[in-house]
There are 2 protein chains.
Amino acid sequence: MTSKLPVYIKIHDQIKKEIEDGIWKVGDRLPSERELSETFGVSRMTLRQAIQTLAEEGILERKIGSGTYVARQKVKETMTGTTSFSDIVRSQGSQPSSQTIAYFITSPSSSEMEKLELTKDKKILKMERIRYADDVPICFEVASIPYDMVKGFTKDEITTSLYQTLENNGHRMIGKSSQSISALSASETIAHYLDLKKGDAVLRLRQVSYLQDKTPFEYVRSQYAGERFEFYLEK
Amino acid sequence: MTSKLPVYIKIHDQIKKEIEDGIWKVGDRLPSERELSETFGVSRMTLRQAIQTLAEEGILERKIGSGTYVARQKVKETMTGTTSFSDIVRSQGSQPSSQTIAYFITSPSSSEMEKLELTKDKKILKMERIRYADDVPICFEVASIPYDMVKGFTKDEITTSLYQTLENNGHRMIGKSSQSISALSASETIAHYLDLKKGDAVLRLRQVSYLQDKTPFEYVRSQYAGERFEFYLEK
DNA sequence: CAGTGGTCTAGACCACAAA
DNA sequence: TTGTGGTCTAGACCACTGA
């Protein structure tokens, strides 16, 4: 239930929703903190905490001596970035889908412990899946997530859009990610998954994603069918 | 004067300094918020603001029910997104070099006309070269540049660092670039250049670079030995 | 000038971690 | 159970903005 959430989170969610619903438009000035605190029936400090989180997310903008305004919405790109498979596929006019090969909780390997900054007593959620564009296999990926990070979420919430779930339901702020890209020849297993011949060129992407406080929350290793996929980047 | 700074900023600075001075070491638990607020002679809310900013900077780590700890420092500043081959190689502790295979002026192909936004009466400067790290071949690349853009520069100015020459000598401001990355199998020619076997996995990078006024000034197609090179990105 | 966000106080109760 | 950080209150004064 949402009723156990802190008040300032609930206020945060409501104001955010009101902006999304168009009640407040870009550039609008919100009522003053004193007015809002009265409206919501909380102290000004609590109301300020809600405004604070919204400001950190870039949704609101505070101006000393003037007021609090709805900020112009910036690139939603930051949320998904260069590696959201679904968005890339959709932007090319195809339909993304995926098949989950494995989904289980286990202990972290040494590289997972290092990348996710975990101790060996922690558990991770591990997922393996094949991703498709219009039913053509494009990518095989293995994702590892600290189990503590997704405890309480449904499998669907985790597999469909982890980023969105963490931000909207988990109130975690997504930060940067570091990635490395290289090429290699397909193993027999990968060739089978991606409908390739063994030895065909494959693009390997390793990605560690972090929250805004620098806590790593996802380590993904992907192999893309080289001839069927391109990464596009802008700098 | 520091005296006009908010109290919580001054407390922030002092705690940060004490950590830098080694009074608190990584993993140490700080006194509780209640103790610290008494020590500094402020309310707990004010003290919490100081702790808050330090936590956001990753200097401190809070643990509910346990205490506040000095976080392990994770610096590793963002390696800027520049896909400068020389910089990447140097950052990995190797020595970059290159061998020019071809360097000539010609008419643009249709894809070059499109990417560089040229008409067919314009000329381009075309360069082919192999790039090395510590004398190991890493990459074969073909670069196309509108000839008007580099008229008057020496061959050395163009091949050594085109970006620097354009900015310093040409007074052109470099802007964004768009890139695509995919994987393919090495052709016989590429295999020869990069000391690979035909069919080995190769990373292909296509890059169009623009000035700040959106004028394209370089179109580069590179093929990297897949097993010898990785791209690192930060988003 | 009046109104705004920024800072600060001195309390309080809660959920959680560790002993 | 004790102590911790997390949340929350009902005030207060400040520096700044804009009319």
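Everything numeric here is computed off the predicted structure, so don't read it as measured data. Each chain gets a letter, A, B and so on, in the order its sequence line appears, and its residues count up from 1. Any value given below was found using the heavy atoms of this structure, including those in side chains, with hydrogens, waters and symmetry copies removed.
Straight-line distance from the NE2 atom of H12(B) to the P atom of dC8(C): 14 Å, rounded to whole Å. Note: CE (M45(B)) to C1' (dT7(C)) measures 11 Å, nearest angstrom. Atom CD1 of I64(B) is separated from atom P of dC16(C) by 8 Å (rounded to the nearest Å). The separation between I51(B) atom CD1 and dC8(C) atom C1' is 16 Å, rounded to whole Å. The distance between atom CZ of R48(A) and atom C1' of dT7(D), rounded to the nearest whole Å, is 16 Å. Rounded to an integer number of Å, the gap from L60(A) CG to dT4(C) C1' is 15 Å. Distance Y69(A) OH to dG3(C) P: 15 Å, rounded to the nearest Å. Across the protein-nucleic acid pair, Q49(A) atom CD and dC8(D) atom C1' stand 8 Å apart, rounded to whole Å.
For the pair Y8(A) and dT7(D), the criterion of a side-chain N or O lying under 4.0 Å from OP1 or OP2 is met. Applying the 4.0 Å criterion to OP1 and OP2 of dG3(C), one finds that R34(A) has every side-chain N and O outside that range. Contact annotation: T46(B) does not reach the phosphate of dC8(C) (side-chain N/O to OP1 or OP2, under 4.0 Å). Contact annotation: S66(A) does not reach the phosphate of dT17(D) (side-chain N/O to OP1 or OP2, under 4.0 Å).
Side-chain proximity of S32(B) to dG5(C), dT4(D), dG11(D): nearest is dT4(D). You'll find that the side chain of R62(B) is closest to dG5(D), out of dG5(D), dT7(C), dG5(C). Proximity note for R29(B) (side chain, C-beta onward) versus dT9(D), dT4(D), dT7(D): the nearest is dT4(D). For E33(B), the listed nucleotide lying nearest its side chain is dG6(D); candidates were dT7(C), dG6(D), dT9(D). With dG18(D), dT7(D), dC8(D) as the choices, the nucleotide that has an atom nearest any side-chain atom of R44(B) turns out to be dT7(D).
No contact: Q52(B) has no heavy atom under 4.0 Å from any strand. In this structure, E61(B) reaches neither bases nor backbone, as no heavy-atom distance under 4.0 Å exists between it and the strands shown.
Judged by closest nucleotide on DNA chain C, L47(B) is the one of K63(B) and L47(B) placed further toward the 5' end.
The residues R206(A) and E141(A) are annotated as not salt-bridged, no charged nitrogen and carboxylate oxygen being separated by less than 4.0 angstrom. Under the 4.0 Å criterion applied to side-chain N and carboxylate O atoms, D13(B) and K16(B) are not assigned as salt-bridge partners. Taking 4.0 Å as the cut-off between side-chain N and carboxylate O, K115(B) and E218(B) do not count as a salt-bridged pair.
Residues Y132(A) and C139(A) form no side-chain contact, since every pair of their non-hydrogen atoms from C-beta on lies 4.5 Å or further apart. For the pair Y193(A) and I101(A), the minimum side-chain heavy-atom distance is below 4.5 Å.
The distance from atom OH of Y103(A) to atom CG of L125(A), rounded to the nearest 0.5 Å, is 4.5 Å. Summarising the geometry, atom CE belonging to M127(A) is positioned 9.5 Å from atom NZ belonging to K155(A); distances are rounded to the nearest 0.5 Å.
Taking five base pairs at each end of the helix from dC1(C)-dG18(D) to dA18(C)-dT1(D) and finding the rotation axis that steps the C1' atoms of four pairs onto the next four gives two axes whose angle is 10°, to the nearest 10°.
Between the side chains of Q49(A) and H12(A), no donor N or O sits under 3.5 Å from an acceptor N or O.
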